[in-house]
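Comments concern the structure below.
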Amino acid sequence: DAGVIQSPRHEVTEMGQEVTLRCKPISGHDYLFWYRQTMMRGLELLIYFNNNVPIDDSGMPEDRFSAKMPNASFSTLKIQPSEPRDSAVYFCASTLPGTANTGELFFGEGSRLTVL
Amino acid sequence: GESVGLHLPTLSVQEGDNSIINCAYSNSASDYFIWYKQESGKGPQFIIDIRSNMDKRQGQRVTVLLNKTVKHLSLQIAATQPGDSAVYFCAELPSMDEKLTFGTGTRLTIIP
């Protein structure tokens with residue numbers, strides 16, 4: 001079975017450029033989460049959706065970050081303009097309603113972003 | 001603020017031995033506690049969870065212990081194998097919430 005699919009796996013860009021990260025959740029999963037992982041701050045929740053609706057975006061660092069989920073099979077995380085401190089691995093995860101409140105998430109392999 | 005933390009950042013264990021990874025938490029309102037494994041270059045992978053009304057749960061080669069008195073969580077891995085080498089995260093989920101909070105992680109290295 002296909003897991004959570006993220007693209008690109010790696011991206012190197014220059015400061016000021018727009019970055020778009022993409023995620024395809026597991027089919028049938030109603031919940032989608034975006035996490036960021038850095039050495040300094042570990043795994044941080046940025047935003048999550050339920051049935052394509054953003055539920056909590058309190059983890060989004062600032063207005064430069066935005067996320068959308070236009071349909072049940074696709075989500076994007078956009079950074080515009082990007083800054084060097086945005087360099088991190090960004091993970092997308094999905095889960096079912098029954099496992100969203102037990103903490104069992106299914107993670108993608110991540111998108112490693114480097115902003116020069 | 002409340003947080004989930006780990007006692008040891010690194011742990012090396014001889015192959016075949018048992019390993020214990022520890023975690024301290026501070027949110028007494030958490031309902032579920034979860035362990036994740038993250039191999040190099042991959043996303044975190046769910047291992048096992050335990051609900052706050054339990055003190056022990058066993059899986060295949062893994063056991064999670066929960067001590068609510070001292071707010072301590074541990075993951076025991078029996079008969080470790082090279083494939084167990086990874087970073088292990090504890091995480092907690094408050095009651096009636098869907099936002100998982102991760103600890104900082106412990107790197108487990110299995111020595112052949």
Side-chain angles (χ1 to χ4, degrees), chain A residues 2-10 21 23-26 29-51 53-60 88-112, chain B residues 1-10 21 23-25 27 29-54 57 59 62 64 66 73 75 86-107:
Chain A
V4 174
I5 300 173
Q6 293 187 245
S7 65
R9 289 296 313 278
H10 302 273
L21 307 178
C23 175
K24 177 179 169 54
I26 294 172
H29 282 193
D30 295 334
Y31 283 83
L32 185 141
F33 301 78
W34 281 101
Y35 279 85
R36 177 172 68 176
Q37 186 175 40
T38 61
M39 288 297 293
M40 291 298 294
R41 301 174 68 89
L43 273 160
E44 302 174 280
L45 177 64
L46 301 177
I47 184 171
Y48 79 97
F49 297 82
N50 181 18
N51 289 320
V53 176
I55 303 301
D56 190 325
D57 66 354
S58 60
M60 295 286 262
V89 181
Y90 291 82
F91 287 102
C92 177
S94 69
T95 195
L96 295 161
T99 45
N101 52 17
T102 63
E104 183 176 358
L105 305 184
F106 297 81
F107 282 82
E109 299 210 317
S111 295
R112 180 177 293 277
Chain B
E2 297 182 311
S3 63
V4 177
L6 292 170
H7 293 302
L8 298 173
T10 61
I21 301 171
C23 175
Y25 67 93
N27 187 353
S30 289
D31 194 25
Y32 276 91
F33 301 88
I34 308 99
W35 283 99
Y36 278 83
K37 173 186 181 182
Q38 186 176 23
E39 297 177 78
S40 181
K42 296 188 176 182
Q45 180 183 14
F46 173 90
I47 301 174
I48 191 169
D49 63 6
I50 187 168
R51 196 164 186 184
S52 59
N53 62 355
M54 302 170 65
R57 190 171 185 203
V62 295
V64 58
L66 176 63
L73 184 70
L75 177 70
V87 177
Y88 290 81
F89 295 92
C90 64
E92 61 176 329
L93 188 66
S95 179
M96 303 301 291
D97 202 343
E98 296 152 340
K99 294 169 59 175
L100 204 55
T101 300
F102 284 85
T104 53
T106 292
R107 181 175 298 281

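Chain letters run A, B, ... following the sequence lines, proteins first and then strands; every chain starts at 1.
Closest non-hydrogen pair, R9(A) versus G41(B), comes out as NH2-O, 3.3 Å.
Using a 4.5 Å cut-off between heavy atoms, F33(B) does not touch chain A at all. For Y35(A), the part sitting under 4.5 Å from any heavy atom of chain B is the side chain, from C-beta outward, and nothing else. Only the side chain of S58(A) comes within contact range of chain B, with at least one heavy atom under 4.5 Å from a heavy atom of that chain. Contact of Q45(B) with chain A is not made at all, since no heavy-atom distance falls under 4.5 Å.
Contacts with chain A were tallied for K42(B), E98(B), R51(B); E98(B) has the most, counting heavy-atom pairs under 4.5 Å.
For F46(B) and F107(A), the ring centers sit 6.0 Å or farther from each other.
Residues Q38(B) and F91(A) are in side-chain contact: their nearest non-hydrogen atoms beyond the backbone lie under 4.5 Å apart. At a threshold of 4.5 Å between non-hydrogen side-chain atoms, the residues Q37(A) and P44(B) do not count as touching.
Side chain of Y36(B) to main chain of L105(A): a donor-acceptor pair is present (N/O by atom type, distance under 3.5 Å, no hydrogens or angles).
Residue T102(A) is tested with L100(B), I34(B), D49(B) for a side chain to side chain contact (heavy atoms under 4.5 Å, CB included); the sole match is D49(B).
The structure places CG of L93(B) at 12.0 Å from CD of E104(A), a figure rounded to the nearest 0.5 Å.
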